[in-house]
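Notes for the one structure printed next.
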Amino acid sequence: MADNAVQAQPNGLGQKQKALELHFSQVSYSLQGAARGSTPIINDACGVFKSGRLTAILGPSGAGKSTLLNALAGFKLQGVTGQFLLNGRPRDIMSFRKMSAYISQNFVMLNLLTVEETLRVSADLKMPGSTVSQEKQKIIDDIIDILQLQSCRRTLVKNLSGGEHKRLSIGIELVTNPPIMFFDEPTSGLDCVGSYQVICHLQRLAHDGRIVVCVVHQPGSRLFQLFDDVLVLAHGEVLYSGEQREMLATFAQSGHICPQYYNPADFALEVCSQSSTTERCESLITRNKMMHSTASNVVKLQVDEETLIDVHKDSLDLAHLRGKEQVNFWTQLSVLLRRHLRSTSRDMFAVQMRLVMHVVVALLLGVVYWQIGADAQKIVSNVSCLFFVILFVFAGNAMPSILLCMQDSAVFIREYYNGWYSLGAYYLSKVLADLPLQLTCPTMFISIGYFMTGQPPESQRFAMCWAMCVMTAFIGHFIGVIAGSLFPMQLAIFLVPSATIPFLLFSGFFIRLEELSWFLRPICDVSFFRYIFEGLMRAIYGYDRGELECRATSNFCYYRTAEHFLKDFQMQGDEFGWDLAVLGMFVLLLLLAFFVTLSTVIRRALR
């Protein structure tokens, strides 16, 4: 296995790589369906990829190009059969994943980082912890020079052009200088100039000694000439795999004559479109199989015995072939925490608009309920004020969190399965990075609203109200994050209010708990709104608040004492600590649920 031990090296991006040859034969893949059984997607594909050469996988839509690329890159394992040889030896999938890079068609990156910051995060997480900062910076500078990203070095990812975005995605994987690189339609969404620039960069990477393979869709004649080798795929079968300059001659031997001045790529696609009905195409398929097949029997996908421990053979997936992290847990946490905080601080919706919203609504609340907190005549209105605080703090943190968590879920899945960091490091960094905003928003809101509405000017009562608002913000935030991670955005936006609003009925505001039917009362015990409402009521009117000021003209107020009022609401007793403890348990359960949600998301991504 010495040839398989070639590892991606961080240094010498422009230096020649060790010669490699990836040979595959009799590769097949069928899509399993419950109703119609298995549907063949790839059928006995054969070919070879060599270092120092840029290879194009060409074929019409639905030919199985991306499926074949996923199988060759090791990103599709279950249901794949065939023989994979690296330098003449069976491919070890674990070593192969470490020495190769796969850049998908929709390579998602965090929009609010600059080009240099994106590459820096990649270097900090993908390179060994022993690598010094100066060496990392040199590699980043070299990548920026090679991919001609100097002009957008400090540009946010969201402001990049399509070509710059594609080049940056290449740069992220170039950090570890992998000798094998796979690209799924790198020219998708680009014009002819942008496409040509990207393929020129891939050609340069290949000629430095790498195996570079990419799926292309209908390339122009000028673009097609940049490729050294071509693999033509039709209906899951390989018509041709070899040098680009010999493709037309091979086709001509089977009776497919390309007209003069005709784009060879377009001609190959026309041949593919008739491959199911023409016997001449069968000769192309047979010729290719005879050229590349080195084994007569189909060999099951080779995987180290170590990766099969505790894994059922029918359920082999990427979770057991995930790369090992290069840096320790605390370094991962530090890098991710800085990245989350930097992205959040630049998000106008996440930070600036939310802070403004909390301030504006707090001022509006103070104007509407101006100085009613100490008036016994308006005690019912003050309770409505407190309940509005609960609704706003909850919704103001739950709904934005749905949108925020969906922005980086694709990035998380890609980076996690490439072994950038552990699930625990990402989870903890997300929790810690969200803390400043979850503390700042409710603090600003209650600081303004509390004193404008005339609540008791006592530090202890203010601290209790603040604690209730913070717990409400935490609960709303994690409910929003969990829903946004598990469900599509529209469904999550529907589910969060639909699932939580019914619990408002059991908070004790709309109906007193003793007036509920006996079979509904247990729901009150699991309604976090009940404990929030109780906590706010006890903070304002409990703990010997005493007699309230009556400002009525008749000098008559039904609730002259806070104890009388709490007794009617069945919230007597100084049990604020109990309410806070129960809410703390809700937060802990949601933290656990968030971790389980992340685990579910990464498992579901592989189905």
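No experiment lies behind these values; they were computed from the predicted model shown. All heavy atoms count here, side chains included; hydrogens, waters and symmetry mates do not.
Applying the side chain to side chain donor-acceptor pair (under 3.5 Å) test to E185 and every residue at least two apart in sequence or in another chain returns nothing.
Proximity of I479 to L590: side-chain heavy atoms (C-beta onward) are separated by under 4.5 Å at one or more points. Side-chain atoms of Y102 and D184, non-hydrogen and from C-beta on, do get closer than 4.5 Å to each other. Side-chain atoms of P219 and T187, non-hydrogen and from C-beta on, never get closer than 4.5 Å to each other. Contact check for V389 versus F445: side-chain heavy atoms found under the 4.5 Å cut-off. Contact check for L72 versus V213: no side-chain heavy atoms found under the 4.5 Å cut-off. For the pair L205 and I170, the minimum side-chain heavy-atom distance is below 4.5 Å.
Between F503 and F529, a ring centre-to-centre spacing not shorter than 6.0 Å is recorded. F528 and F394 have their aromatic ring centers within a separation under 6.0 angstrom. With ring centers used as reference points, F392 lies under 6.0 Å from H358. A centroid separation of 6.0 Å or more is found between the aromatic rings of F487 and F494.
Residues M471 and V587 approach most closely at CE-CG2, 3.6 Å, considering heavy atoms. Between I446 and C469, the closest heavy-atom pair is CD1-SG, 3.8 Å.
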V470 vs Q438, test: side chain to side chain contact (heavy atoms under 4.5 Å, CB included). Steps then yes/no.
CA-CA 7 Å; V470 169; Q438 301 310 314; over 6 Å; no
Applying ring-ring contact (aromatic ring centres under 6.0 Å, His included) to F412 and Y426, what does each step give before you reach the verdict?
CA-CA 8 Å; F412 159 62; Y426 179 83; 4.2 Å; yes
Apply side chain to side chain contact (heavy atoms under 4.5 Å, CB included) to L125 and Q326, showing your working.
CA-CA 7 Å; L125 292 174; Q326 295 297 310; over 6 Å; no
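Annotation for M353: atom CE does not count as buried by contact number, only 12 or fewer foreign heavy atoms lying within 6.0 Å.
In terms of modelled atom types and a separation under 3.5 Å, the side chain of E173 and the main chain of A101 share no donor-acceptor contact. Formation of a donor-acceptor pair under 3.5 Å by the K65 side chain with backbone atoms of G59 is found in this model. Remark: the backbone N or O of H340 is not paired with any side-chain donor or acceptor of S343 at under 3.5 angstrom.
Partner of H477 under the side chain to side chain donor-acceptor pair (under 3.5 Å) criterion, out of D434, N397, T472: D434 alone.
Pairs passing the side-chain hydrogen bond (donor to acceptor under 3.5 Å, both in side chains) check and including a residue from residues 103-116, sequence neighbours excluded, read Q105-S188, T114-E117, E116-Q137, E116-R153.
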